[in-house]
There are 2 protein chains.
Amino acid sequence: MSIPLHTTISETLRSQIEAGDYSPGEKLPSEHQLMATFDVSRITARRAIANLVHQGLAHTQRGKGAFVTSKQKVAYSLSSPLVFLEQDLAQKGVHLSFENLMFREEIPSKQTCAILQLTGQANIYVQKKLLQMDGAAGAVDISYLLSELGQRFAAQLPNNMTFPILEKNNIPIEHISALIECTQADYEMSNYLEVPLGHPLMVYRYTAYSSHHRPILHGETISRGDRFCYVLNTQR
Amino acid sequence: MSIPLHTTISETLRSQIEAGDYSPGEKLPSEHQLMATFDVSRITARRAIANLVHQGLAHTQRGKGAFVTSKQKVAYSLSSPLVFLEQDLAQKGVHLSFENLMFREEIPSKQTCAILQLTGQANIYVQKKLLQMDGAAGAVDISYLLSELGQRFAAQLPNNMTFPILEKNNIPIEHISALIECTQADYEMSNYLEVPLGHPLMVYRYTAYSSHHRPILHGETISRGDRFCYVLNTQR
DNA sequence: AGATTCGACTTGTTATAACAAGTAAGTCAT
DNA sequence: ATGACTTACTTGTTATAACAAGTCGAATCT
């Protein structure tokens, strides 16, 4: 069984990257250079570069070229006691900032009603924030908050992360139930996070409970898989 | 600014998938059908399908066609008390089996030495297993075990998961330190896990400690991002 | 009834080609 | 020194084309 040409070329380039011939951030040969070097068509050269992009080893920019990706993940701790994202990243020398994309009251979906244990005709507040790490888009946080809390802190929430505001106002989070999965960037997320379509994303889907096991906040943090990871410790 | 044709087509197909026009497992229109429907070249039709594949919405098979992916993730619990993978999945009606790919003694890397706190010229046992869920490849587990444990349980370990063997032999795991990240499948992993190149994978990288905080096992479980997720509960 | 073959359909690979759109460096005018 | 313009290089989009390799169902043979 023969190996496709585009695979041969991309594996050659990968070996060169891994051997240190190309450093993170360094420009890879252009499509024309690859055509000449390997005596192939442009479509084959492009496919080889696309293979590297699909493996997260390179990224391309129209008019500029293809570059080796810079690998630098920030680890967020999931262990007890809860540490807030901003503080956790600040300890690691990463500046977290964010852009408020949405903050409004709306009718919750049935699923959100179930998760937040809402009765009657209660509304919720939905927030959407684009989190930037050292100025570069890193994650999108979408969350749903009990209406009474959304109203109460409407002035503060669009400009702050939610957990610290609750903490400051004597609404401490006692317990978080969460799921971690990875997905692939669709067009919406690829635009927000400045990644190619299909880029791996980590989703931290959480429900936060205050005292008496009351769910008050539900949401998900969708972060770039190449920029973010989670660490945790489990005791018997 | 105009939207590329291939994006228009793939977004149309995506809407149809999400509207239920195509059920999970159902065949999508062939490239020729898309060419006729949208009056485009084959390369544009192929690119539209590739967009869906990159988003995890479809998968293709040469000679057969393109199919809507079946979304079914298995959640593995990371919470205390530790539950072993086999039992956890069995409770969810998923049969876990595995194929032993490697079990041998070797000289550890410097990194593995540091993690397992090895002194002198100690060796370790490396194991590689392909985990199958209901017969389909779901994860690859690669782990490094203290040499004395590898030797002692050499007959049992290739045919069993490691944690239960240690438990049965009074070497209980007291604490696990772990990192969760996602990556993209390279050629090796795409072959093992039967996914396209670049498919998102979840990596659970762990170090397990026995009594007296002694690290005895280090490894990583690399699982298909479309088949697997983690759930956890965090208390204050 | 089962095995084999064949034809049609399907995706995968590789080629040539033209034009669009973005970037960067050099040149020129102010 | 700065801004505008030009040129060259780069990736992105879309087209046509041919052949390879896999799948499936129908027809034929044993």
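Only heavy atoms go into these numbers, but all of them, side chains included; no hydrogens, no water, no symmetry mates. Residue numbering restarts at 1 for every chain, and letters A, B, ... go by the order of the sequence lines.
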J.: How many angstroms lie between atom CG of B:Leu116 and atom OH of B:Tyr144, to the nearest 0.5 angstrom?
T.: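 The CG atom of B:Leu116 sits 10.0 Å away from the OH atom of B:Tyr144.
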J.: In whole angstrom, give the distance that lies between atom NE2 of B:His59 and atom P of C:dT11.
T.: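 Those two atoms, NE2 and P, are 12 Å apart.
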J.: Please walk me through it: do B:His218 and B:Thr207 pass side chain to side chain donor-acceptor pair (under 3.5 Å)?
T.: CA-CA 4 Å; B:His218 170 66; B:Thr207 304; 3.1 Å; yes
J.: Counting only heavy atoms not in A:Gln111, do more than 12 sit closer than 6.0 Å to its CD atom?
T.: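 It does not: A:Gln111 CD has 12 such atoms or fewer within range.
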J.: Would you say a side-chain N or O of A:Ser30 is under 4.0 Å from OP1 or OP2 of D:dT10?
T.: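 For D:dT10, OP1/OP2 do have a side-chain N/O of A:Ser30 under 4.0 Å.
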J.: Rounding to a whole Å, what distance do you find between B:Leu34:CG and C:dC9:P?
T.: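 Spelled out: CG on B:Leu34 to P on C:dC9 is 16 Å.
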J.: Side chains of B:Glu99 and B:Leu101, heavy atoms from C-beta outward: is any pair under 4.5 Å?
T.: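 Answer yes - side chains close enough.
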J.: Does the plane of the ring in A:Tyr76 sit parallel, tilted or perpendicular to the ring in A:Phe228? Use 30° and 60° as the thresholds.
T.: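 Tilted: the ring planes of A:Tyr76 and A:Phe228 meet at 30° to 60°.
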J.: Reading nucleotides 12-17 of chain C 5' to 3', which nucleotides get B (base under 4.0 Å from a protein heavy atom), which S (sugar-phosphate only), which -?
T.: BBSBB-
J.: So, is B:Lys64 close to the D:dC24 phosphate, meaning a side-chain N or O under 4.0 Å from OP1 or OP2?
T.: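 Looking at the OP1 and OP2 atoms of D:dC24, one of them is under 4.0 Å from a side-chain N or O of B:Lys64.
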J.: How long is the span from the OH atom in B:Tyr206 to the OG1 atom in B:Thr221, to the nearest 0.5 Å?
T.: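 That separation rounds to 4.5 Å.
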J.: How many Å lie between NZ on B:Lys27 and C1' on D:dG22, as a whole number?
T.: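 Rounded to the whole Å, the gap is 13 Å.
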J.: Report for the helix from C:dA1-D:dT30 to C:dT30-D:dA1: angle between first-end and last-end helix axes, five pairs each, rounded to 10 degrees.
T.: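 One end axis against the other gives 10°.
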J.: One thing to verify: whether B:Arg14 and A:Glu188 come together as a salt bridge, which I'm taking to mean a side-chain N less than 4.0 angstrom from a carboxylate O.
T.: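 No, this pair does not count.
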J.: With sequence neighbours left out, what residues match B:Lys27 under salt bridge (charged side-chain N to carboxylate O under 4.0 Å, His left out)?
T.: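 B:Lys27 satisfies salt bridge (charged side-chain N to carboxylate O under 4.0 Å, His left out) with no other residue.
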